[in-house]
Amino acid sequence: MSDGPSFNRRRFLATAGAGASMLSLGGCDAFDAMLGQNDRVRDVLASANQLTYRAQRLLFGEEALARTYAPSEIRQQMRPNGSTSPNQDDYTKLQKNDFADYRLEIGGLVDKKLSLSLDELRNMPARSQITRHDCVEGWSVIAKWTGVQLSRLLDQAGVKPQARYVLFHCYDSMGATLEGVQYYYETIDLISARHPQTILAYGLNDKTLPVSNGAPLRVRVERQLGYKMAKYIRSIELVSGFANINGGNGGYWEDQGYDWWAGT
Ligand SMILES: Nc1nc2c(c(=O)[nH]1)N[C@H]1C(S)=C(S)[C@@H](COP(=O)(O)O)O[C@H]1N2
Ligand SMILES: [Mo]
């Protein structure tokens, strides 16, 4: 493979043979066009998502690294997208004090709940990586991220055997429905969560992570698309499934029809 582990699933599916082209309907346009049609179409797309997920896991193993870049390749400022300035009271209160009172709570299916300040997180061994961020909207940027490996925190908390996913609760609301305020949320499986490049980032391009990019803490899941990388993390919960959480699809954008598995 000429471009290494930075794997393009369309290319894989193209070489995986005829008939596979249908499966490359991973883009939201194609998916959205299908919404509202009968459930069988949705089921096929959902199983295609599962197939891509399994194929990538098989092909690349659990540890394959996303491509990293040299400092000279950092192209521009990280382009902020989605929420860029949460206006929820609990968030703006923390922001006013430069997040000195912020605490990351880790709970759910763990042996020991954690509550960590930013200083505590910054005092843990740090990891930096220069990677490319791809958004489904069709743009990408290269930036340097610094933070603490999520696996470290999971080890500290102790993950119970029933836990299968890491759920990120965010501070920013995406609007309200009859069920109440919809906060941004995301889930990743424990393999992605324990991947060495999966970090909770507090630094961007050698500076403190700005509010527009998710201060004080956002996750990087480098082998997946931008929407998986929750910004403004309020807390982390270990869960056994997500069928009963919000729309039941494992994330804010997933509930609008995006794939849960967003490997690139
Ligand atoms: N909490 C939260 N996280 C989020 C979003 C958001 O709106 N809210 N947008 C997602 C999308 S679609 C992308 S592309 C990236 C954008 O990250 P950036 O603002 O640092 O560019 O954040 C992702 N994480
Ligand atoms: Mo995105």
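In listed order, ligands and their atoms are each counted from 1.
- Considering backbone and side-chain atoms together, Ala230 places no N or O closer than 3.5 Å to any N or O of ligand 1.
- Between Tyr171 and Tyr232, the ring center distance fails the sub-6.0 Å criterion.
- A heavy-atom separation below 4.0 Å is found between His133 and ligand 1.
- A side-chain donor-acceptor contact under 3.5 Å links His133 and Arg220.
- Protein heavy atom at the shortest distance from atom 19 (O) of ligand 1 is Lys231 NZ, 2.5 Å.
- The distance criterion of under 3.5 Å between nitrogen or oxygen atoms is not met by Tyr227 with respect to ligand 1.
- Each of the atoms 14 (S) of ligand 1 lies under 4.0 Å from some heavy atom of Cys135.
- Contacts with ligand 1 closer than 4.0 Å are made by heavy atoms of both the backbone and the side chain of Ser83.
- Residue contacts with ligand 1, taken as heavy atom pairs separated by less than 4.0 Å, involve Asp172 solely via side-chain atoms from C-beta onward.
- Under the 30°/60° scheme for interplanar angles, the aromatic rings of Trp260 and Tyr165 are found to stand perpendicular.
- Residue contacts with ligand 1 include Arg218, since one or more of its heavy atoms lies under 4.0 Å from the ligand.
- At a heavy-atom distance under 4.0 Å, only backbone atoms of Arg79 (N, CA, C or O) approach ligand 1.
- Donor-acceptor pairing under 3.5 Å is lacking for the side chains of Ser212 and Thr84.
- Of the N and O atoms on the side chains of Ser240 and Arg164, not one donor lies less than 3.5 Å from an acceptor on the other residue.
- Between Arg234 and Asp90, at least one side-chain N (NZ, or NE/NH1/NH2) sits under 4.0 Å from a carboxylate O, which counts as a salt bridge.
- Of the listed options Trp139, Trp253, Trp145, Tyr184, Tyr184 places a heavy atom closest to atom 10 (C) of ligand 1.
- Annotation: atom 24 (N) of ligand 1 to nearest protein heavy atom, Met229 O, 3.0 Å.
- Using a 4.0 Å cut-off between charged side-chain N and carboxylate O, Asp134 and Arg132 make a salt bridge.
- With ligand atoms numbered from 1 in the order given, ligand 1 contributes 1 (N) to contacts under 4.0 Å with heavy atoms of Cys170.
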